[in-house]
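Just so it is clear: chains get the letters A, B, ... in the order the sequence lines come, proteins before strands, and each one is counted from 1. These figures come from a predicted structure and were not determined experimentally.
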Protein chains: 2
Amino acid sequence: MKENTEVTIYDIAKKLNLATSTISRGLKDHHSISKKTIQKIKKTAEEMGYSPNNLAASLRGNKMKTIGVLIPTVTQPFLSSLISGIEITAQKAGYTVVIMQSHDSYKEEVNLTKSLYNNRVSGVICSLAMETKDTAHFKIFTDNNTPLVFVDRVPKHFETFHVVIDNFSAGYKATKHLIDQGCKRIAHITAGYEYSIFYERKNGYIQALKDHGLPVLEELIVKVDEITYDEAEKVSKKLLNLKNPPDGIFAPGDILGVSALQFAKKRGIKVPEDLAIIGFNNDPISLIIDPSLSTISHPASKMGQASAEIILKYLKASKKNDEIEKQITFLNTEVLARESSNKKQIK
Amino acid sequence: MKENTEVTIYDIAKKLNLATSTISRGLKDHHSISKKTIQKIKKTAEEMGYSPNNLAASLRGNKMKTIGVLIPTVTQPFLSSLISGIEITAQKAGYTVVIMQSHDSYKEEVNLTKSLYNNRVSGVICSLAMETKDTAHFKIFTDNNTPLVFVDRVPKHFETFHVVIDNFSAGYKATKHLIDQGCKRIAHITAGYEYSIFYERKNGYIQALKDHGLPVLEELIVKVDEITYDEAEKVSKKLLNLKNPPDGIFAPGDILGVSALQFAKKRGIKVPEDLAIIGFNNDPISLIIDPSLSTISHPASKMGQASAEIILKYLKASKKNDEIEKQITFLNTEVLARESSNKKQIK
DNA sequence: AAACCAAACGCAACCGATTGTAATATTTAT
DNA sequence: ATAAATATTACAATCGGTTGCGTTTGGTTT
């Protein structure tokens, strides 16, 4: 089709008999260019159909105005909300967001960190893949002064920024909520490996039981290999087939909670009368299911915004050679009490 | 922290006493470099901790290996699945995906097209904002030989690639399904403006009624301003308050369908016995709600993959100066009959 | 009117890799 | 052994802006 249609600052410079440096500065209101000249430059730029080439501009600073986001998948409600929050914040600051999905694979994650680095993104926001235990592949960012924020699924030992909720206390709150409703035998579904967010939620659950004089029973703690409806149904069956079945379930994810709830309904077990259930995340499905699923709020969009803001702040400070201390940002969660755990009122 | 840690091909060249051009070619197995040299180059590159700078590499071709995705929001299940499909396909081909959200605003969409262009993305995939009627802002891509794919929400008149479902026939199928179940007074919820996907679905609905000897009644066609539960509840109320209420509803989106279903339940109207409902999209909520919502499948991930493949194919052909004809790709939909419309079996 | 100063603009190196073409080295053919 | 052919590698321009520093211009001060 058309060739060489591209208008560059050289073209503008030629037309106005000015140096390219003047054009470049004029275009961005540099103080050393007179207002008259600036106006003239902008006008002709407009007329000639000039559009800036971010690629070329970034080459000098060796960084694109881009934030890389590396997450397991975009299709989970929590993660798509996270992205949304990141994107909104980034967009306001003139940054672009690139998305990469690890599909919970360690190997893919390793490759994608390389891609992100090769693309010279300005900063990286990551929620770890399920499989990931070793996080050495992220050193490339911290070694090169690229701000790195871990969000939600964070590594245990990595000196960088973290944006999280307090999973221990959230697990504690969820469990306590069930206890408050009168549950005595509260089961828990867990997932992942040691030090994961699920691990902490489980610890919160255990602590809550202990604090309220309830025994911690191995048979009431079951583990899923994947967060899927099928897996959750399997373990729900296991739990409800117990000769002494639980009267409450704390599921650390709404998919797990919904699945348990559906299975209980199928079995004719009354929720919440015979079995109270609380999930986690406040996914859309938690409000759709009948009875509605009590859950723990998980401020996805806010976490995304907070993460992006940290990146932006870091980059700003970095320009002035300021240092910003690596820190953990905690966001709040709360119990969203709904029908699936509402024992008292019904009595 | 560390400064100038960056290893470039210059550093490798110096170390090996070779020219940068040799390094550049060696790194990508160019045939004119001997195997020995290639090995040597790769080895030292590895040792020196070299990592390619895509930014610099892209400057010459004036294009990043990046696909821009411009959509209303990432949080709708359909759209996050779309992204997922795009990302998977892009990743395999070594392309990166940048996401931008228009939030259904025409103005934002216009700005974001500029951003995408300024970033010199290789191709663009877009699902239009609700507000968008004029699509002149996309000409910048076609004018500059950047492949542009419109997906799902596409403009009526724009010579480029389209990836869609046949909304007319999907609307027809949905309506016919309700007719087949014995519905005589089928209502329809519509949205958006003329020529939108909703417009076509409505036309399919109308045609189905006509073909089966049913009257098209104005009072049974209601319109929402936004696709939200609240809006949908309002119009559902309107419909069910009719002195002669409908016995079926075709909602062109699962949020609308679920909302109608919930409202009917609240009113004590039996679904599907007294009111059959079918939605659209096959969102996760359609399976969670009780009774489960019949719906129309909408192959989001496949549409994403198809869109990305078109971009990749175009770019490949473009290198060889081949032309690819602009075309519309239709993907299939089908009726997913579930409980909310299962009148016959229950009788 | 000489000296001085700030404002406005130009020069040219630079960012890191790519690539057409020229130059040199190595093999093969005669 | 010498010319011809082929395999390797080097040179240098290029992509489009950015930026430190030097130069020019015009006005002020004494």
Position toward the 5' end of DNA chain D (nearest nucleotide), A:Ser58 or B:Ala19: B:Ala19
Among C:dC9, D:dT8, C:dA17, the nucleotide that comes nearest once only the side chain of A:Ile33 is considered: C:dC9
Euclidean distance, atom CD1 of residue A:Ile12 to atom P of C:dC9 [Å, nearest integer]: 15 Å
Side chains of B:Gln91 and A:Glu108, donor plus acceptor under 3.5 Å: yes
Check: C:dG16 base within 3.5 Å donor-acceptor of A:Arg120 side chain: no
Selection from D:dT9, D:dT18, C:dA17 that lies nearest to any side-chain heavy atom of B:Thr8: C:dA17
A:Gln39, CD: over 12 other non-hydrogen atoms inside 6.0 angstrom: no
Donor + acceptor pair across side chains of A:Asn53, B:Asn62 (<3.5 Å): yes
B:Ile9 CD1 - C:dC15 P separation (whole Å): 13 Å
Nearest-Å distance for atom pair NZ/P, residues B:Lys319 and C:dT18: 12 Å
Phosphate OP1/OP2 of C:dC14: any B:Tyr10 side-chain N/O under 4.0 Å: no
d(CD, B:Glu6; C1', C:dA17) in whole Å: 12 Å
Distance flag, aromatic centroids of B:Phe158 and B:Phe150, threshold under 6.0 Å: yes
Any B:Ser21 side-chain N or O less than 4.0 Å from OP1/OP2 of C:dT19: no
A:Thr22 vs C:dG10: side-chain N/O to OP1/OP2 distance below 4.0 Å: yes
B:Asn17 or B:Arg60, whichever maps to the more 5' nucleotide of DNA chain D: B:Asn17
Aromatic ring proximity B:His137/B:Tyr106, centre distance under 6.0 Å: yes
Qualifying residue for side-chain contact (heavy atoms from CB on, under 4.5 Å) with B:Thr44, from B:Lys42, B:Glu47, B:Glu46: B:Glu47
Under-4.0 Å side-chain N/O to phosphate OP1/OP2 contact, A:Ser24 with D:dT18: yes
B:Leu16 CG - D:dT8 P separation (whole Å): 17 Å
Phosphate-side-chain proximity, A:Lys35 and C:dA8, N/O vs OP1/OP2 below 4.0 Å: no
Rounded interatomic separation in angstrom, taking NZ from A:Lys63 and C1' from D:dT18: 17 Å
Sugar-phosphate, base or nothing in reach of B:Leu55, heavy atoms under 4.0 Å: nothing
Sugar-phosphate only, base, or nothing, as touched by B:Lys28 at under 4.0 Å among non-hydrogen atoms: sugar-phosphate
Phosphate OP1/OP2 of D:dT9: any B:Thr37 side-chain N/O under 4.0 Å: yes
Listed nucleotide nearest any side-chain atom of A:Ala56, set D:dG17, C:dT19, C:dG16: D:dG17
Residue B:Leu18, side-chain heavy atoms: nucleotide from D:dT9, C:dG16, D:dG17 that is nearest: D:dT9
Nucleotide D:dC15, atom C1' - distance to CG of A:Asn62 in whole Å: 16 Å
Nearest-neighbour nucleotide for the B:Arg25 side chain, C:dA17, C:dA12, D:dA10 considered: D:dA10
Nucleotide nearest A:Ser32 when distance is taken to its side chain, options C:dC9, C:dA12, D:dT9: C:dC9
Spacing between A:Asp29 atom CG and C:dA8 atom P, to the nearest angstrom: 13 Å
